[in-house]
Amino acid sequence: MPLKPLLGTICVVFLIFFAMESSNELPKAYEPQNVENRTYKAWLDSGLFNPDAYPEAKNPFCIIMPPPNATGRLHTGHALGYVLEDLMTRYHRMKGDKTLWLPGTDHASIASTNKVEKLLAKEGISRHDLGREKFLERVSQYVEQSRSDISNQGRLLGASCDWSRERYTLEPAMTKAVRTMFARMYKDDLIYRGTRIVNWCPRCMSTLADDEVNHKDQEGILYYIKYPIKNSEAFLTVATTRPETMLGDVAVAVNPNDPRYQQYIGNVVTLPLANRDIPVIADEYVDMEFGTGSLKITPAHDPNDFEIGRKYNLPTYRILDDEAKINFDSLRKANHDLSSIQQFEGMDRYTAREAVISALQTAGLFEKKKTYSNSVGVCYRCDTIIEPITSLQWFIDVNKKTPRHNESLKEMGLRAIHSKDIQIIPQRFEKQYFQWTENLRDWCISRQIWFGHQIPVSYCLPENGGCGETIVSVEEPLQCPKCSNTKPTPEEDTLDTWFSSGMWTFSTMGWPDNAEEKDGKIIKKGDLATFHPTTVLDTMWDILTFWVNRMILMTEYALDEAPFKTIYLHGMVLDKNGRKMSKSHEETAIDPLEMIEKYGTDALRLSLLIGVTPGNSMRLSQDKVESYRNFVNKLWNISRYILTFTGNEEKSEKTAKKPQYTLADRWIISRLNNLIAEVSKSIEHYEFSHAAELLRVFTWDDFADWYVEISKVEGDKRALLLSILEVLLVLWHPMAPFVTEEIYRLALSSFPPTHPDRPALLMVRAWPQSNSSAIDEKIEQEFLSLQKIVQTIRNARSENHISAGEKINLIFYTPHKSAFLTPHIDTITRLTHAGQLTIQDSGKKPHSALFLTTEDIEIYIPLTSMKIEEEKTRLDKEIINIESLIGKTNGQLANQEFVAKAPEHIVQDLHQKVANYQDELVRMQEQRKRLI
RNA sequence: GGACAGUUAGCUCAGUUGGUAGAGCAUCGCGUUUACAUCGCGAGGGUCACAGGUUCGAGUCCUGUACUGUCCACCA
């Protein structure tokens, strides 16, 4: 390209830039829409989200993003997580730690499958119509789109994660990790295949883990059915809520101590309809109080019955197929006569229920029915009532000790928290964690879902001429390693999604390649060595059991260490009426993306941070977001004032050599250093709301309403104002990154040259150190007394309806404080809109004037239209008030025990208080006399 | 059945080793400077759910009760 036009372009760009930067015409209100995309791009382009950009940084800080499901749109719950994680990440990055926030998404087998099935349903087809391969294609398409949506929405929130390390639970590297893990656990005998009762969702056509089943209360019906006792006229009546399952009954059980049934134990009853003979057995499990005290045993369709069936060696007849339709194959195999029940076969479970009842009625074996409230298990994804059935599945044994650790997975999970290797915030959730982990049962990890990690198992099937070998291997085997003459058939089932997400902290960091075992110890390399165990896991308490627990077990197993040091549990975001967003009505649900568009990301972020405590649910409303939009705008305007309206640089250069700090200067510096210390401490202690609150009070009250106002009187404070502003920008940045980065960009040329290492982007500006020598309690007290004087006068103005336009004169009468007050005459005058302020330490006191007293000062406001009678009444009231205060306080001081036992400073303070009250009382009484 | 939270101003919520209660929003009154009406100044408003106990002193610690919410287990 020729040089001249290039130069021309640069010049034009420079001029536009210069014109924009130096004009006094910053918009009156902050305009997030014009800032956020550009700012995020600048961050991305800088490459500074990547910890590799800081080779010298030492202390590692790492958060693994809980991978959102790749099923659609970002909701407020995600937003809260992103905001908290980004806050911590930005804080630690600014502190100079080697900071990594690793993003990713989850393939969420069941959720994704359901979404796509719903889409297919609109086309009138099912996944089975489509076939496995084509269906998986559709899911992949859908998931790809969602993943990129979700990840873009994270960017809108300002998430400063290292996108170059982004992971997906179903990418090839994760598959390798998952297969490796499975193979190792299998080798260690922790994974087995067996027939157990599982929770079966007939709609998803898959098993569900215990905690994937929700319990819903319902008004059910308890049916009483008579089972004739063989060779007798008598019956045993059983009560059941699922009468259709009786077709698979194998026994009737009673309590061995039940006097009603003693004589029947060991007898045989005839199973109605089926006309099968089944035994009457006795077991302590049966509750004599419930129903009739006799219980039908259906091992294939109830977990407790299954246990009893095993205990007494009873057969198991599964009479419901995978779609929950009646199917008698297992009875047929056992050569039972099915002629009397044939008509039920093929019926849906609820149709069969009606049919069975009516058949029983016809047979005269139906006694009665009763309404009964109980709860049923439903699928956590589709709300379908789950059916317990026996099924051949893969399980992880949580009680078996591993060869390497000589500790079971359950023990690992308990130890990690007991030993305080992992801290849970808030601590009370430890109890819930322990309770759940102690009751942990073997984890069913196989799912009959197509979308997911295929279980790395193949079978050398005899029907294909194979040897029957079960082959578990990381790579898919091409031939059977044992008989090597057939191609093994791969297992069709996939793994529970939580199996892969349980490995999330280390599979994302290159495991297993980045770790090897040497002499019984695990040597980590690369990111795994730098960042693992990760620092914090932020998530919601509802998946403490689903996910967090599994992460701990699997990480301890694979790496002999915890996945993270701290678990921060945030609460649930509710709508303004306290309902779950997902269940709330359209008009009260908050869409984070809509809030961002309307009020800006920073406003949304602040409304998710302030007034929120860990573990407690929070309400979010549009009003709240709006009020923080207002705050963001306030910060903008403070900055706008400092950057464009204080400019009197010629003047300040003359006097800037040795600044003489005024009381207000020293006060704000003291407050600022205090603030730095407190905010840092709060963030370190995960008290984010408190940190934000401290910042808000400082920024709005101390800085804007007092200091900036005073600076207008005292003048020449550009340098100091800028310095304070810069610190404020840094402190606010982790919470409100966009507006602060933008102000910083605008301000970069204006900052005084006192900090040599000022980076181009605020996001990497060093977090400030608090200078404790600048914190001065005495100065803060003095300034407080100035504030009290101003407030007392303002209050009097308002109470007496003296309009702001009316210039009043102030006469201060004070024998001791005139030296203190003299330098602040202008400030007090200005802040109270007074005309003239005179200070007297002796002489005549004015008569026709409003009288105030505070801080050892008598304040007189002479008024032309003084209403003496009103003033008398007012003073009388004040006098009564203060007398009662004195009475109360003296009462307490008269308490011998209080004086003897309370700490001295408390007693001293009270004495001081009484003295002050007394003093004010005397002044008021004197003034009252003068008014007569 | 078991466990855990919550109950503080009209509303939403803070309140960190027990020292005499705060903020935002809402309400009411008043609108003046070198930024901000998405603002400023001022005001009102609380038996801290209830009942006991420990203590000189309890919103804060202990016990019990009520209500609300959540979780777990059982449910023939």
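Just so we're on the same page: letters track the sequence lines, and every chain starts at 1. Basis for what follows: all heavy atoms, side chains included, without hydrogens, waters or symmetry-related copies.
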Shorter than 3.5 Å, N or O on both sides, protein versus nucleotides 59-61 of chain B: list them out with atom names.
none

What protein N or O atoms touch nucleotides 7-12 of chain B N or O atoms at under 3.5 angstrom, if any, and at what distances?
{"from": "B:U12", "atom 1": "OP1", "to": "A:Arg619", "atom 2": "NH1", "distance (Å)": "3.3"}

For RNA chain B, the dot-bracket notation using Watson-Crick and G-U wobble pairs below 3.5 Å, [ ] for pseudoknot-type crossings and | for other-strand pairs, is (((((((..((((.....[..)))).(((((.......))))).....(((((..]....))))))))))))....

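A ring-ring contact (aromatic ring centres under 6.0 Å, His included) check over residues 598-639 of chain A, counting only residues at least two apart or in different chains, returns the pairs A:Tyr30-A:Trp636, A:Phe631-A:Trp700, A:Phe631-A:Trp732. Counting only residues at least two apart or on different chains, the salt bridge (charged side-chain N to carboxylate O under 4.0 Å, His left out) pairs with a member in residues 695-705 of chain A are A:Arg671-A:Asp702, A:Glu693-A:Arg696. Counting only residues at least two apart or in different chains, salt bridge (charged side-chain N to carboxylate O under 4.0 Å, His left out) contacts with residues 290-303 of chain A comprise A:Asp249-A:Lys296.
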Only distances under 3.5 Å count here; give the side-chain donor-acceptor pairs of residues 611-618 of chain A to other protein atoms, sequence neighbours excluded, each with its distance to 0.1 Å.
{"from": "A:Thr613", "atom 1": "OG1", "to": "A:Asn616", "atom 2": "ND2", "distance (Å)": "3.1"}
{"from": "A:Asn616", "atom 1": "OD1", "to": "A:Arg428", "atom 2": "NH2", "distance (Å)": "2.9"}

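Atom pair A:Gln791:CD and B:C30:C1' shows a separation of 17 Å (rounding to whole Å applied).
Listed by chain and number, the residues in a salt bridge (charged side-chain N to carboxylate O under 4.0 Å, His left out) with A:Lys28 amount to none (sequence neighbours excluded). Checked against salt bridge (charged side-chain N to carboxylate O under 4.0 Å, His left out), A:Lys369 has no partners two or more places apart in sequence or in another chain. Evaluation of the side chain to side chain contact (heavy atoms under 4.5 Å, CB included) rule for A:Asn439 yields A:Gln435 as partners, not counting sequence neighbours. Shown here are the side chain to side chain contact (heavy atoms under 4.5 Å, CB included) partners of A:Ile385, two or more places apart in sequence or in another chain: A:Arg349, A:Tyr350, A:Val376, A:Val378.
A cation-pi geometry, defined here as NZ or CZ lying under 6.0 Å from the six-membered ring centre and within 45° of its normal, does not hold between A:Lys888 and A:Tyr917.
Within residues 689-700 of chain A, the residues that place at least one heavy atom under 4.0 Å from RNA chain B are, in residue-number order, A:His690, A:Glu693, A:Arg696, A:Trp700.
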